[in-house]
Amino acid sequence: MLSARRVHPLLIVLLACVIAAPRALASQHGDPVVPLLLALTVVLVSAKIGGWIATRIHQPAVLGELVAGILIGNLGLVGFRGFEPFQTDTTLSILAGLGVILLLFEVGLDSTVLEMMQVGASALLVALLGVVTPFALGWLVGAWLLPDRPSYVHAFLGAVLTATSVGITARVLRDLDASRTSEAKIILGAAVIDDVLGLVILAVVSGVIAAAGQGTGVSLTAIAWVCAKAIGFLAGAILLGRLLAPWLFRIAALVRVRGILLTTGLIFCFLLSYLAALADLAPIVGAFAAGLVLEGSHLERFEEAKETTLESLLHPISTFLVPIFFVMTGMRVSLETFADPAVIGLAAAITVIAWVGKQACSLGVLQRGVDRLTVGLGMVPRGEVGLIFATMGATLTLAGQPVIGPATYSAIVIMVIVTTLVTPPALKWSIERQRRRAA
């Protein structure tokens, strides 16, 4: 965590960038790296300041990074437009795309196929209800509040609401020393399955929208094909990966070169991401599958693995790239859209159903003595996963228009912020209430 003493230099750097930005961006410098240096300075400084403030008020750093992006992207409202070119900067968008791929790779590394098989019937049922209910509610609310948009848009809105960010819940459970409770095991197990199901739904809906956008038409056969392709890729990547990864990593371990462990892991991640794209799926699906496949047993033969882990080697890279994704995500939010009452209504509606939809998943708890309210609250936060889904929708087009337009995108970000802010205190209250009953 940044100390208060270190924040002041960052604020000075950000202020210097505000003063220098108009002149720097207006000058036609021959080296294309020069304007990128200014953009990275602004993005990373604002991300760290935002993350520091968020952690000081006991919120996830990702929330501060998102809010920092919103502030930077809307400085035009107070007359400063020096940072507006960053919103459409191709290189920054590419770096943000790499950041989200690494983020999903790390999420996959934190879970294993064995864990998914051992979570039990309750976790599976909780995950199923936690995906189906928000998806259905999101579709219905989209059809109600966005009647002029195609049904594909309503379906994508439902897909966005299926996501769960277990990182926020896991942090709260750890801080409250509740990570070993039955509730925690069900939440964490269900969240892993939830991620897989959510990615499959995202892949299916995205594939159907892409087919509709190309004018090829969408039939039940086409939907079934996209669904089979998404499930088949994940299953195939995991099965083949578990068979081939030990052999591939055994060969890579013979190369006695510094950094071979990190390089091999990145190659595996990027290759599966590329293959997912070839299969008309989101590259993040391949990145997640790559993380699931790479278990510790594949990496133990590397000399570097005796002193460190692949996760720790990835950390410096993700510390650089992942905040760029969240700041860029926030910069795409237009505060002007909230002058429209319809946007406020949509944000309020999807926030309510985001909460209600995940509470419904608590009905899937089968064991006696497990507090269902705690399980439901633990599945509420959307966090970075919801933002990833929304960003995917903003890049898809249908009839020349983005599937997730600026107004809908802004409403989704508000939903993510609210569910992320409310969950930690609500979960803490529920756990302490349960402990008082047991005392």
Side-chain angles (χ1 to χ4, degrees), residues 2 6-54 61-104 106 266 270 273 283-284 314-337 384 387-388 390-392 394-395 402 404 406 409-410 413 416-417:
L2 291 174
R6 293 181 181 177
V7 171
H8 299 300
L10 290 178
L11 288 172
I12 294 173
V13 171
L14 186 58
L15 179 61
C17 291
V18 170
I19 297 173
R23 180 179 177 183
L25 294 174
S27 63
Q28 299 296 322
H29 202 286
D31 190 349
V33 175
V34 173
L36 176 63
L37 296 176
L38 176 63
L40 287 175
T41 301
V42 172
V43 169
L44 293 177
V45 168
S46 59
K48 291 308 173 186
I49 293 176
W52 176 79
I53 294 174
V62 61
L63 187 62
E65 295 167 0
L66 180 63
V67 173
I70 294 175
L71 294 177
I72 290 176
N74 289 274
L75 287 176
L77 297 177
V78 295
F80 180 79
R81 303 186 181 278
F83 296 155
E84 286 186 353
F86 298 167
Q87 300 179 26
T88 56
D89 188 278
T90 304
T91 306
L92 277 179
S93 297
I94 292 173
L95 292 176
L98 287 174
V100 73
I101 286 175
L102 287 181
L103 178 61
L104 266 293
E106 288 185 316
L266 289 175
F270 295 153
S273 300
I284 58 175
L314 277 171
H315 184 69
I317 304 177
S318 62
T319 300
F320 165 51
L321 291 175
V322 174
I324 297 177
F325 168 75
F326 290 118
V327 173
M328 291 292 291
T329 297
M331 290 175 67
R332 295 189 179 101
V333 176
S334 175
L335 293 180
E336 289 181 311
T337 58
E384 68 279 1
L387 295 175
I388 292 169
T391 303
M392 288 290 300
T395 61
I404 300 295
Y409 187 89
S410 299
V413 171
V416 170
I417 291 175

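Numbers here are sequence positions counted from 1.
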Search all heavy atoms of [X] against all heavy atoms of [Y] and return the closest pair with its distance.
{"X": "G76", "Y": "E84", "result": "CA-OE2, 4.0 Å"}
{"X": "G50", "Y": "A68", "result": "CA-CB, 4.5 Å"}
{"X": "A394", "Y": "P402", "result": "O-CB, 3.8 Å"}
{"X": "P283", "Y": "I101", "result": "CB-CD1, 4.1 Å"}

Rounded to the nearest 0.5 Å, what separates atom [atom1] in [X] from atom [atom2] in [Y]?
{"X": "L36", "Y": "F86", "atom1": "CG", "atom2": "CZ", "value": "9.5 Å"}
{"X": "L66", "Y": "L71", "atom1": "CG", "atom2": "CG", "value": "10.0 Å"}
{"X": "F83", "Y": "N74", "atom1": "CZ", "atom2": "CG", "value": "13.5 Å"}

Legend entry - Pairwise side-chain contact, I417 with I70, heavy-atom cut-off 4.5 Å (strictly under):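 Yes. Closest side-chain heavy atoms under 4.5 Å.
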Inset, instruction - Compare all side-chain heavy atoms of L77 with those of L335 and state whether any distance is below 4.5 angstrom. - result: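 A side-chain contact under 4.5 Å exists here.
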Inset, instruction - Check each of L92, T90, T91 against I94 using the side chain to side chain contact (heavy atoms under 4.5 Å, CB included) test, and report the only one that passes. - result: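 Single pass found, and it is T90.
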Legend entry - Chi angles and distances behind the side chain to side chain contact (heavy atoms under 4.5 Å, CB included) call for V67, I53: CA-CA 10 Å; V67 173; I53 294 174; over 6 Å; no
List, one per line, each side-chain donor-acceptor pair under 3.5 Å for residues 315-331, sequence neighbours excluded.
from, atom 1, to, atom 2, distance (Å)
H315, NE2, T319, OG1, 3.4
S318, OG, E106, OE2, 3.1
S318, OG, L314, O, 3.4
S318, OG, H315, O, 3.0
T319, OG1, H315, O, 2.6
T329, OG1, F325, O, 2.7

